[in-house]
Q: 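Handing you a structure now.
Just so you know, these numbers come straight off a predicted model, no measurement behind them. Start at 1 and go down the list; that is how both ligands and their atoms are numbered. Sequence positions, counted from 1, serve as the residue numbers for this chain.
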Amino acid sequence: MKRIAIFASGSGSNAENLALYFKNNPDIEIAAIYTNNAEAGVIGRASRLGIPSFIYSINDFKEALSIVTHLQSLSIDAIILAGFLRLISPVFIQTYKDKIVNIHPALLPKYGGKGMYGMHVHREVIKNNETESGITIHLVNEKYDEGTTLFQAKCDIDPFDTPELLAEKIHELEYKYFPIVIENWIHTL
Ligand code: GRF
């Protein structure tokens, strides 16, 4: 059995999608959800799904030791960042080396780096008249959005697409592919 923790800062629709996908899987369990945002939608989703959620301060995430101890007390094997908006401290990366995955709502290396998250990404992509965007699922290292890519998928951008419409297309790709990519990857750990 592999036990996964999800880190999320916002709505948590990907967290929910992952939890539903793995619900009856005997080998993989979404065992806990961690957030830095006491107002995050993901907290309500976790409680409806019956998954324990834990709120920690930004400082706790920076310092990392208390969260790592907590993760270890829950025998967590891997961490998924699903809309987690903070840089992951090196303590997490050393403790969970090659066991942290992020989903980024663009085709890295384009539209990555500090400040490039959520709608900021989609606004920039539309502003630059790109004809396609997509998702990147990658391992996490000390730099924003620079770890090894596990998977990418693309979508077309139509001339009348707005950042909001693009966000919807990206979410569709995320819901479709993220669970499958995680399932395949987790078996390699
Ligand atoms: C997703 O588009 C994810 O790629 C990005 O933030 C968004 C989170 O959405 N990093 P949600 O909270 O899962 O609904």
Q: For the residue pair Tyr175 and His171, does the interplanar ring angle fall in the parallel (under 30°), tilted (30 to 60°) or perpendicular (over 60°) class?
A: parallel

Q: With respect to atom 9 (O) of ligand 1, which of Met116, His171, Met119, Glu16 exhibits the smallest heavy-atom separation?
A: His171

Q: Quick one: do the Asn37 and Ser9 side chains pair a donor with an acceptor below 3.5 Å?
A: no

Q: How are the rings of Tyr34 and Phe54 set to each other: parallel, tilted or perpendicular (split at 30° and 60°)?
A: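 Answer is tilted, since the angle falls between 30° and 60°.
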
Q: Rounded to the nearest 0.5 Å, what separation is found between the CD1 atom of Ile76 and the CD1 atom of Ile67?
A: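 One finds 12.5 Å between CD1 of Ile76 and CD1 of Ile67.
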
Q: Regarding ligand 1, does His104 bring an N or O atom to under 3.5 Å of one of the ligand's N or O atoms?
A: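 N/O-N/O distance under 3.5 Å: no.
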
Q: Say whether Tyr175, considering both its backbone and side-chain N or O atoms, lies within less than 3.5 Å of an N or O atom on ligand 1.
A: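 No: no nitrogen or oxygen of Tyr175 is under 3.5 Å from one in ligand 1.
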
Q: Tell me which protein heavy atom sits closest to atom 14 (O) of ligand 1, plus the residue, atom name and distance to 0.1 Å.
A: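 So the nearest neighbour among protein heavy atoms is Ser13 OG, 2.5 Å.
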
Q: Counting from 1, what ligand 1 atoms have a heavy atom of Glu174 closer than 4.0 Å?
A: 1 (C), 2 (O), 3 (C), 4 (O)

Q: Say whether, by atom type as modelled, one donor and one acceptor occur between the side chain of Asp158 and the main chain of Phe160 under 3.5 angstrom.
A: no

Q: Tell me whether the rings of Phe92 and Phe7 are parallel (<30°), tilted (30 to 60°) or perpendicular (>60°).
A: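 Taking Phe7 first and then Phe92, their aromatic rings stand perpendicular (interplane angle over 60°).
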
Q: Enumerate the atoms of ligand 1 whose separation from the nearest heavy atom of Ser11 is less than 4.0 angstrom.
A: 12 (O), 14 (O)

Q: Gly12 versus ligand 1: do any nitrogen or oxygen atoms come within less than 3.5 Å of each other?
A: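 Yes, since at least one N or O of Gly12 sits under 3.5 Å from an N or O of ligand 1.
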
Q: Which of the numbered atoms in ligand 1 are under 4.0 angstrom from any heavy atom belonging to Ile103?
A: 4 (O), 10 (N)

Q: Ignoring hydrogens and angles, state whether a donor on the side chain of Arg45 or Ser11 is under 3.5 Å from an acceptor on the partner side chain.
A: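 Note: Arg45 and Ser11 side chains meet the donor-acceptor criterion.
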
Q: Identify the protein heavy atom lying closest to atom 8 (C) of ligand 1, giving its residue, its atom name and the separation to 0.1 Å.
A: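 Checking every protein heavy atom, the shortest distance to atom 8 (C) of ligand 1 gives Gly83 CA, 3.8 Å.
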
